[in-house]
Asks: 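Below you'll find the structure I mean.
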Amino acid sequence: MPELPEVETIRRHLAPHVEGRTLRALEVLDDRWSRPLAGGELAAAVEGRVVERLGRRGKYLIWELAGEVYLLQHLRMTGTLLLDPQGAPPYTRVWLRLDEHDLAYTDPRRFGTGELALGGEALDAFFAARLGLEPFDEAFTTAHLHALARASRAPVKAFLLDQKRIAGVGNIYADEALFRARIHPLRPANRLSRTQVDALREAVVASLNAGITAKGASIDDFRDPYGVQGTFQDQFLVHLREGEPCPRCGGTVRKLRAAGRGTYVCERCQPRPRLRVAQR
DNA sequence: GTGATAACCTGGGTGC
DNA sequence: TGCACCCAGGTTATCA
C-alpha cells in the first residue's frame, strides 16, 4: 500500500516522462475517484494544460498544471499508475493521456481519489487542513516532535499514523520506525522521553529513506509505473514477521492490534508500557 | 477537544 | 468444489 516512499518512487519514475508535456485528456471511468466532482468536470479543468511539475506532499501526488491548477492524487490502499501499458490493465479507473504517453490508474479497491485545487492558496489550504510536517523537512526536529507528542495521550502508533501530525507515515513504516527506536506501539505519546522522541525522529527518517532506496515495499498491490515491484518488503525488520526471530535480540516478533491496525513488535526490544494504577 | 471506532471497498485466505 | 465469512488498511465521519 502506497505510503510516502512508494509515492515518492512513483513520482521519481514518472516526472521525466510527464513534466513539460500536455495533459491532452483525462478519462475518468469511475466517478467515485473524482467525487464530489463528476469525472467530466474534473477533466474539463485539467485537460489541455501543460504539466509543469510532478510533486509530492505526504502520500499525495501533485500534478502541478499550467495556470496554477493542481490535480491532487491519492492512491490510498491499492492505487497504481502504469506508464504506457499494453491494453487496458484490470481495474483501470482513470486514463491520463499525455502527448507521447498514456498513464493508466488502476485501483482494485476503489479507495483512491483525484481532487482539484485552483490556485496556490487553495493548494496550501488543502494541505494545511490535512497534513503535518514532512519528515524530510528541516523543521521536523526533535523539539517539534516532542512538542506534538507531549500534547497527545494516544498510543504512539496512532500518533505516528495521524497525517495531521506527520505526513506520509503509514502502517509499515510506523512499525519499522518504532522497532528501530525501541518504543512499544502502545506507549502513550505523551509518556515518551525526549531521548525516545529523538530516537523516534531519527528512526522515522531512516525507515522512510530505506523504503525510498528500495523503491518501496510491494506486499501485494504496489508496482512502480513500469509494473516492477519494490524490494523493501525483503528488508522488513518486524512488519509481517510474526513468529519469526527478532533481528536484534532473537526474541519472537509478535502481532498485536494498535490504532486498529495489525502491528508487529518485539516486546523484548520494545518493552510494553506498564499499566498505571489509579490511586486515591 | 481528543481518542476510538465504523464505514468505505474488494481480493485473497480460511474454514466448513 | 463452492460458499460464507473474515481480514487487510488510509482516510473521513461519527460517537463517546
Side-chain angles (χ1 to χ4, degrees), chain A residues 1-10 29-37 56-62 72-81 89-94 105-115 117 125-132 134-135 147-178 185-192 204 207-208 211 216-223 229-230 232-233 236 238-243 255-265 273 276:
Chain A
M1 45 278 333
E3 303 182 24
L4 187 156
E6 287 74 31
V7 179
E8 179 62 19
T9 297
I10 290 170
L29 309 180
D30 178 3
D31 273 358
R32 184 186 161 78
W33 180 77
S34 57
R35 69 185 186 188
L37 292 181
R56 181 195 57 75
R57 179 84 166 83
K59 302 173 191 173
Y60 283 89
L61 202 58
I62 308 170
L72 311 172
Q73 192 170 7
H74 199 303
L75 309 179
R76 302 282 176 124
M77 302 282 298
T78 53
T80 306
L81 277 164
Y91 312 112
T92 298
R93 310 296 181 194
V94 179
Y105 172 69
T106 70
D107 190 354
R109 293 187 202 177
R110 302 168 68 203
F111 277 2
T113 55
E115 295 171 82
F126 181 91
F127 287 129
R130 291 168 175 79
L131 301 181
E134 284 282 310
L148 289 178
R150 276 185 302 189
S152 172
R153 287 171 290 140
V156 63
K157 172 81 182 261
F159 173 79
L160 286 177
L161 292 177
D162 184 351
Q163 303 299 297
K164 290 190 180 75
R165 295 188 172 106
I166 308 166
V169 178
N171 199 38
I172 295 170
Y173 294 91
D175 279 359
E176 296 293 291
L178 287 168
L186 295 178
R187 178 170 290 278
N190 63 1
R191 291 184 61 199
L192 295 177
V204 166
S207 298
L208 293 173
S218 296
I219 295 173
D220 42 22
D221 298 285
F222 175 71
R223 301 286 186 279
Q229 292 190 328
F232 191 57
Q233 68 280 2
F236 284 169
V238 288
H239 190 75
L240 295 182
R241 298 210 178 278
E242 182 183 19
K255 182 180 182 183
L256 48 85
R257 203 152 183 89
R261 298 287 174 258
T263 297
Y264 299 84
V265 59
R276 284 178 132 176

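Every chain is numbered from 1 and lettered A, B, ... according to where its sequence line falls, protein lines coming before strand lines.
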Asks: Need one value for A:G262: base, sugar-phosphate or nothing, where a base atom within 4.0 Å counts as base even if backbone is also close, heavy atoms only.
Replies: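 Touches sugar-phosphate only.
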Asks: Which residues satisfy the salt bridge (Lys or Arg N to Asp or Glu O under 4.0 Å) test with A:R110, sequence neighbours excluded?
Replies: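 Checked A:R110 against salt bridge (Lys or Arg N to Asp or Glu O under 4.0 Å); matches are A:D30.
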Asks: Which residues pass the ring-ring contact (aromatic ring centres under 6.0 Å, His included) test with A:F159, sequence neighbours left out?
Replies: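 Expected list: none.
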Asks: For the backbone of A:R187 and the side chain of A:R191, can you confirm whether one donor and one acceptor N or O come within less than 3.5 Å of each other?
Replies: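 No; zero donor-acceptor contacts below 3.5 Å.
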Asks: May I ask you to list the residues of residues 150-161 of chain A, by number, that have any heavy atom positioned under 4.0 Å from an atom of DNA chain B?
Replies: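 Residues of residues 150-161 of chain A that come under 4.0 Å of DNA chain B are, in numerical order, A:S152, A:R153, A:A154, A:P155.
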Asks: What pair of heavy atoms forms the shortest contact from A:A167 to A:P135, and how long is it?
Replies: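 It is O-CD, 3.1 Å.
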Asks: Return the orientation label for the A:Y264 and A:H239 ring planes: parallel under 30°, perpendicular over 60°, tilted otherwise.
Replies: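 Rings of A:Y264 and A:H239: perpendicular, over 60°.
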Asks: Scan residues 162-169 of chain A against DNA chain B and write down, sorted by residue number, each residue with any heavy atom closer than 4.0 Å; if none is found, say none.
Replies: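 Per residue number, the list reads A:R165.
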Asks: Which residues pass the salt bridge (Lys or Arg N to Asp or Glu O under 4.0 Å) test with A:R165, not counting sequence neighbours?
Replies: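 Applying salt bridge (Lys or Arg N to Asp or Glu O under 4.0 Å) to A:R165 gives A:D162.
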Asks: Suppose we screen for side chain to side chain donor-acceptor pair (under 3.5 Å). Which residues come up paired with A:D31, at least two apart in sequence or across chains?
Replies: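 Listed in chain order: nothing, the list is empty.
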Asks: Report yes or no: does A:E3 contribute a side-chain atom to a donor-acceptor pair with the main-chain N or O of A:I172 at less than 3.5 Å?
Replies: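 Yes: the side chain of A:E3 pairs with the backbone of A:I172.
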Asks: Quick one: how far along DNA chain B does chain A reach, first to last nucleotide 5' to 3', anything under 4.0 Å to a heavy atom?
Replies: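 The contact span of chain A on DNA chain B goes from B:dG3 to B:dG11.
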Asks: Ignoring hydrogens and geometry, is there a side-chain-to-backbone donor-acceptor pair from A:R241 to A:F236 under 3.5 Å?
Replies: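 It does hold such a pair.
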Asks: Between A:I10 and A:L75, is any pair of side-chain heavy atoms under 4.5 Å apart?
Replies: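 The answer is yes; the side chains approach within 4.5 Å.
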Asks: Salt bridge (Lys or Arg N to Asp or Glu O under 4.0 Å) with A:R76: which residues, sequence neighbours excluded?
Replies: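 For A:R76 there are no salt bridge (Lys or Arg N to Asp or Glu O under 4.0 Å) partners, ignoring immediate neighbours.
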Asks: Need the bend value for the helix from B:dT2-C:dA16 to B:dC16-C:dG2: angle between end axes, 5 pairs each end, nearest 10°.
Replies: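 Answer rounded to 10°: the end axes differ by 60°.
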Asks: Please enumerate all residues that pass side chain to side chain donor-acceptor pair (under 3.5 Å) together with A:N171, with sequence neighbours excluded.
Replies: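 For A:N171 the side chain to side chain donor-acceptor pair (under 3.5 Å) partners, ignoring immediate neighbours, are A:K157.
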Asks: Please check if the side chain of A:E8 supplies one atom and the backbone of A:R56 the other of a donor-acceptor pair under 3.5 Å.
Replies: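 Such a contact is absent between A:E8 side chain and A:R56 backbone.
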Asks: Taking only residues two or more places apart in sequence, or in another chain, which ones meet A:Y60 in a side chain to side chain donor-acceptor pair (under 3.5 Å)?
Replies: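 Applying side chain to side chain donor-acceptor pair (under 3.5 Å) to A:Y60 gives none.
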Asks: Using a heavy-atom cut-off of under 4.0 Å over every strand shown, decide if A:R261 touches base, sugar-phosphate, or nothing.
Replies: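 Result for A:R261 = base.
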Asks: Quick one: how far along DNA chain C does chain A reach, first to last nucleotide 5' to 3', anything under 4.0 Å to a heavy atom?
Replies: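 Range of nucleotides touched by chain A: C:dA8 to C:dT12.
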Asks: Distance check, rounded to the nearest 0.5 Å: A:L61 atom CG versus A:H74 atom NE2?
Replies: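 These two atoms lie 10.5 Å from each other.
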